[in-house]
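Inspection log for the structure reproduced underneath, given as structure tokens.
Just so we're on the same page: letters track the sequence lines, and every chain starts at 1. Reckoned from all heavy atoms, side chains included, excluding hydrogens, waters and symmetry mates.
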Protein chains: 2
Amino acid sequence: MASIKDVAAQAGVSVATVSRVLNSHPSVSPDARTRVRAAVDALGYRPNAVARSLRTDQTRTLGLVISDVLNPYFTELARFVEEEARALGYSVIIGNADERPELQDHHVRTLLDRRIDGLLVSPADGDSSLMADVARGGTPMVFVDRWMPGVDVPVVRADGRDAIRDLVAHLHALGHRRLAIIAGPAATTTGNERVEAFREALRAYALTLPDVHIGQGDFQADSGRRVTERFLALPEPPEVVFAADNLMALGALDAIRAAGLRVPQDIGLAAFDDIPWFVHTDPPITAIAQPTGELGRAAVRALVDIVEGRSPQSVTLPARLVVRRSCGEPAPDRRSNR
Amino acid sequence: MASIKDVAAQAGVSVATVSRVLNSHPSVSPDARTRVRAAVDALGYRPNAVARSLRTDQTRTLGLVISDVLNPYFTELARFVEEEARALGYSVIIGNADERPELQDHHVRTLLDRRIDGLLVSPADGDSSLMADVARGGTPMVFVDRWMPGVDVPVVRADGRDAIRDLVAHLHALGHRRLAIIAGPAATTTGNERVEAFREALRAYALTLPDVHIGQGDFQADSGRRVTERFLALPEPPEVVFAADNLMALGALDAIRAAGLRVPQDIGLAAFDDIPWFVHTDPPITAIAQPTGELGRAAVRALVDIVEGRSPQSVTLPARLVVRRSCGEPAPDRRSNR
DNA sequence: CGAAGTCATGGAATCGATTACACGGATGAT
DNA sequence: ATCATCCGTGTAATCGATTCCATGACTTCG
């Protein structure tokens, strides 16, 4: 593969001049410029990004560590992240943590070894002292969707509080009173937050959330299944199950169906995170949709702000309720306020 | 960030010795070894992968360019690819071509600029002279799922021929005679292959595949919708629609539902590529499942074989029919042979 | 006892770029 | 005419590793 030396030789100039042309430095004669251009084309020369990175100490690459690629929500997020990054002239390396802290750490370390310019993380369950170290070490970093308390970096996320309130209002209006939730891992911020918001929304209707109606899930389908089986085995099973993410909702649907029950006649189901497939399930599932595109874009912008020395902003965007048929008759209006 | 020089100074040895310890070269005294190890720990030193790559001319990184990350089939494939690569000591950089040849070329170029050790590609529609150049240029390369005729690199893929034959047998047994297909882009190998296999399978039952029953899709949901609308507008609409991938099946389902028809009573639906959601759609969709995990693993192994100087193998694995309810009453046995 | 070999180690070249600095020639101001 | 500027260019240092080669100490064997 041709190097800058070959180009210089072919064009009859020094490597410095070639480099100047490549980086469009003003101080190059038109003549030299065209000769270099010609040599570049003739040799099919492409600058070696590795060498360039070593010298300039920047890779124009961002790392994205997400908790689970198979979760359509994160896949979509990753897509938007890459899109925005590309628009800003950066590449993205994705690491899939598979909800395992040690895998997450592995990816963070590998990414750091490659001297990525910045790190976008949606932290998995469990504590990672590494993450705090990295942030303190000065690596540009932004949390997206989830974050770690005590680690001082910008957070880009959706606030589901209002949407959850709308959901509870919707369920209450349909006559449901015994509501249960399949929570995410306690150690994830989104896990906790959704339970808290749910509990608070219930309080407005003088409803409570007893412990037996809080199932401990891990954001994976299997846990949704297990928790739901336990709910169904209760002397008085809940009338509606609210899953804190889409995969657990899927598991719940499985469990309900395996028990020979029908949605929504026998039991209702709602989910956090809306995905295209929820339109096509039997029945279509009522869900809370996050503005994934905006989230991904904002996260990249915040990160690049840090990388390029501007001051970044934490961003919180609202999620919104999308009513379908999995909790009972659809409301005539999409947003039912009380 | 600490460099090898800092470690050397701290340990009171030369950088050469540090490097030897790091690469577990035998010829280092136990004493020096422990001093270096201590210095590494004390400084939290991690070797700069960029510098190392420049010197050794290998990045221990593979590039994966896939046609559409939002397609669950490819997401799953990517996951397995990363898993196997990690097991073999490689990282993976994923590029999403979004079914756009120019984006695909962009990613290939960027990946090459970063001097990845090998390239795994599932080529999108359209011709890319770049790809042929790259292969000829000696970059280790393997096609996965789809390939480009005329480009001489190993191909790892699933053969759907038998499964499609099984599908047609299943449909025929259920009494269906007017069968239509939503094809993939003509320029993709999988696009063509599936149509041909379908046509051939029909021939065994003396059925034909008229042109009006071949819809030109692009592997995206929207195209499935459009093609299906056209099918439904036919004086004699098909009794079953077979979509050549899962997203187009989704689009077809939309169109069918928008037309006020029911699956499978009014029209049947089957898809190539099985995904978890097909169990939960209304009704569950009959599909042809590819051995995604094996495909991903085999592709990485073949690529790493080339990278490390062994001779690689093309691999073809069988796909299999998974009968559900979207084409009519489920057959009692899963594989209906005539 | 001396030659040959082994082993641990350090110096320095190298990978392919970027960039500070020096230099010579042209231009412009006084 | 003289001196300061500016412009285009090249030389060489540099980034952080790896690795060839030389060196000196020590072992081994005839």
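Below the 3.5 angstrom threshold, one finds no donor paired with an acceptor across the side chain of B/Arg52 and the base of D/dT18.
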Next item on the list: Check the pair B/Asn71, B/Asp245 against side-chain hydrogen bond (donor to acceptor under 3.5 Å, both in side chains), reporting the backbone distance first and the verdict last.
Entry: CA-CA 9 Å; B/Asn71 186 323; B/Asp245 92 332; 3.3 Å; yes

Next item on the list: Apply side-chain contact (heavy atoms from CB on, under 4.5 Å) to the pair A/Arg79 and B/Leu70, showing each step before the final yes or no.
Entry: CA-CA 8 Å; A/Arg79 201 198 101 123; B/Leu70 294 188; 3.4 Å; yes

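For the residue pair B/His107/B/Glu102, the side-chain donor-acceptor check at 3.5 Å is not satisfied. Under the 3.5 Å distance criterion, with hydrogens and angles disregarded, a donor-acceptor pair is assigned to the side chains of B/Thr61 and A/Arg114. Defined by atom type and a distance below 3.5 Å, a donor-acceptor pair is missing between the side-chain atoms of B/Gln104 and B/Asp98.
The CZ-P distance, from B/Arg55 to C/dC15, rounds to 7 Å in whole Å. A straight line from CD of A/Gln58 to C1' of C/dT18 spans 11 Å, rounded to a whole angstrom. Distance A/Arg33 CZ to D/dT9 P: 9 Å, rounded to the nearest Å. Rounded to whole Å, atom C1' of C/dA17 lies 13 Å from atom CG of B/Asp113. Regarding A/His25, its NE2 atom lies at a distance of 12 Å from the C1' atom of C/dT18, rounded to whole Å. Between the CG atom of B/Leu54 and the P atom of D/dC15 there is a distance of 14 Å, given to the nearest Å. Summarising the geometry, the separation between CG on B/Asn48 and C1' on D/dT18 is reported as 13 Å, rounded to the nearest angstrom. Taking atom CG of residue A/Leu22 and atom P of nucleotide D/dT9, one finds them 15 Å apart after rounding to whole Å.
Counting non-hydrogen atoms under 4.0 angstrom, B/Asp57 reaches nothing in the nucleic acid. Among the atoms of the strands shown, none is found under 4.0 Å from any heavy atom of A/Ala49. Nucleic acid contact class of A/Val18 (heavy atoms, under 4.0 Å, all strands): none. B/Val50 comes within 4.0 angstrom of nothing in the nucleic acid, heavy atoms only.
The residues B/Glu294 and B/Arg297 are annotated as salt-bridged, a charged nitrogen and a carboxylate oxygen being separated by less than 4.0 angstrom.
Closest contact between the side chain of A/Pro47 and the listed nucleotides D/dT18, D/dG10, C/dA17 involves C/dA17. Set against D/dG16, C/dT19, D/dT18, the side chain of B/Ala51 has D/dG16 as its closest nucleotide.
DNA chain C is contacted by both B/Gly12 and A/Arg20; B/Gly12 maps to the nucleotide lying nearer its 5′ end (nearest heavy atom per residue). Between B/Arg115 and B/Arg35, the one whose closest nucleotide on DNA chain C sits nearer the 5' end is B/Arg35.
Contact between the side-chain N/O atoms of A/Asn23 and the OP1/OP2 oxygens of C/dT18 is found at a separation under 4.0 Å. A sub-4.0 Å separation between OP1 or OP2 of D/dT9 and a side-chain N or O of A/Ser29 is present. Between A/Ser27 and the phosphate of D/dG8, there is a side-chain N or O to OP1/OP2 separation shorter than 4.0 Å. Distances shorter than 4.0 Å separate none of the side-chain N or O atoms of B/Thr17 from OP1 or OP2 on C/dA8.
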